[in-house]
Amino acid sequence: MAKMASSLVESGEDAFRKIFKFYKRRNLPPDFCDVIDFSKGLPSDKIVPAILDPSAVSDVEATRVGLQSVRDWRAFSLQGYPGFIFISNPFLLGSQPFWVRQCLKTYSQKPNVCNLDMHMSPSDTQDIWGKSVHSLSSPHSGKRETKTLLDRLRWVTLGYHYNWDTKMYSANHYTPFPADLHLLSFQITAACGFQGFNAEAGILNYYRSDSSLGIHVDESELDHSRPLLSFSFGQSAIFLLGGLRRQDPPIAMYMHSGDVMVMSGQSRLLYHAVPRIISAPQGRTALEMEGCSLASPQQGCSVVEPVSEKDWAVCSRYIQSSRVNVTVRQVLGPGQSFPDTPSAHQRTDAGQTVGYHDRAADEEGENRKSSSSCDSVDTAET
Ligand SMILES: O=C(O)CCC(=O)C(=O)O
Ligand SMILES: [Mn+2]
């Protein structure tokens, strides 16, 4: 019988790496019995309801961005991880499709930066969606030999564009952060007790079924007192949350479509990783997403717009085998600015600034999570 993750670790070793490899391995499928599933409520006494501030976000404000009333959110904290909040899919039925479409169609557009810019010209990567949809909508797309640009998309950066080489953000490489995603993040952080969150940088990771994301800490932001938000759409993932040291064994949890994670306080700088993508529980993605056609027109001032059937056909097919994760970060504290160092300003062009790495790891061996304190976990370790 497969060993449980918790029985693997010996003291003093890189426990995170060991557990990462345990969940990543393909030859002998791991036992998932230690993986926390927040969608099942409070399965363990380590999980406690998180304290939210429903008065910080009115129901109208929540609806505008496609969220349920804060009173209805199922939000959890984990004992031993102060500042970590897991909100089990707080989205209104029928609003996830809008956010999925934004991730695939809108945020992948210029001036945002993506992995394809590293080896293609701006004119070639200017309309990833437009250049991919024809092929993705055709009835024979299952048999396609050439991958579309959307198939090859691995990451997109927003706002202050993260530089994978220097592991820094810089004042000179900034494009406007999407207003809709800022508003969504602002409302969620407000409900979690953080006033005035300013979404300044975003990283979207596009995972195929064999992708993973290496062990890392997100510490490049200059103000660590601001929370970091994470949104997941499409297929599920195993997320590992560790400690401040690699020797601290991580806990494993499922992230399903619509789940939101807030890392703040003492949990803001913890090691974490995604060793494995797994199929969404039967019917869940289809069910929650399909609400799109049923989505009632939201009130006039909503940022969540209906998704056309044509767009949804492409999005729903994409997420049947993929996962999209969006992290939203505030880089600077109130009144803070970037230090005036040469390295912080060394590159300015959108097309050249971000590193050439494909961030999420594939079985093709591309495994470059180059964010600070991150290990590259290559296929030799699997
Ligand atoms: O995909 C995830 O759930 C994690 C993403 C992440 O940690 C990151 O982008 O820094
Ligand atoms: Mn991270």
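Order of listing sets the numbers, starting from 1, for every ligand and every atom in it.
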Taking heavy atoms and a distance under 4.0 Å, where does Arg329 meet ligand 1: side chain, backbone, both or neither?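 Only the side chain of Arg329 comes within reach of ligand 1.
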Do you know which N/O/S atom name in Asp218 is closest to the Mn ion (ligand 2)?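 Nearest to the Mn ion (ligand 2) within Asp218's N, O and S set: OD2.
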Would you name the N/O/S atom of His216 that lies closest to the Mn ion (ligand 2)?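 Nearest to the Mn ion (ligand 2) within His216's N, O and S set: NE2.
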Near-ring test Tyr81/Phe86, centroid separation under 6.0 angstrom: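 So the answer is no for these two rings.
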Side chain to side chain donor-acceptor pair (under 3.5 Å) partner of Ser230, chosen from Asp259, Asn325, Asp218, Thr327: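 Running side chain to side chain donor-acceptor pair (under 3.5 Å) over Asp259, Asn325, Asp218, Thr327 with Ser230 returns exactly one hit, Asn325.
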Measuring from atom CD of Gln187 to atom CG of Leu67, what distance do you get when rounded to the nearest 0.5 angstrom?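 Gln187 CD to Leu67 CG: 7.5 Å, rounded to 0.5 Å.
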Hey, which atoms in ligand 1 end up nearer than 4.0 Å to a heavy atom of [X]?
X	answer
Asp218	10 (O)
Arg323	1 (O), 2 (C), 3 (O)
Val274	1 (O), 2 (C), 3 (O), 4 (C)
Asn205	5 (C), 8 (C), 9 (O)

Does any N or O atom in Ser232 lie less than 3.5 angstrom from one in ligand 1, N or O only?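 No: no nitrogen or oxygen of Ser232 is under 3.5 Å from one in ligand 1.
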Can an N or O of Tyr207 be found at a distance shorter than 3.5 Å from an N or O of ligand 1? yes
Does Tyr254 have any side chain to side chain contact (heavy atoms under 4.5 Å, CB included) partners at least two apart in sequence or in another chain, and if so, which? Phe32, Val35, Asp37, Ile238, His256, Ile278
Specify the closest pair of heavy atoms between Ala252 and Leu240, including all atoms of both residues, with the distance to one decimal.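 For Ala252 and Leu240, the tightest heavy-atom pair comes out as CB-CD2, 3.5 Å.
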Tell me, which pairs form a salt bridge (charged side-chain N to carboxylate O under 4.0 Å, His left out) where one or both residues lie in residues 261-271, sequence neighbours left out? Glu221-Arg268
Measuring from the heavy atoms of Met261, does anything fall under 4.0 Å of ligand 1?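 Contact check Met261 vs ligand 1: negative.
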Is it true that Asp117 and Lys110 have a side-chain N and a carboxylate O under 4.0 angstrom from each other?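 A salt bridge is present here (some side-chain N lies under 4.0 Å from a carboxylate O).
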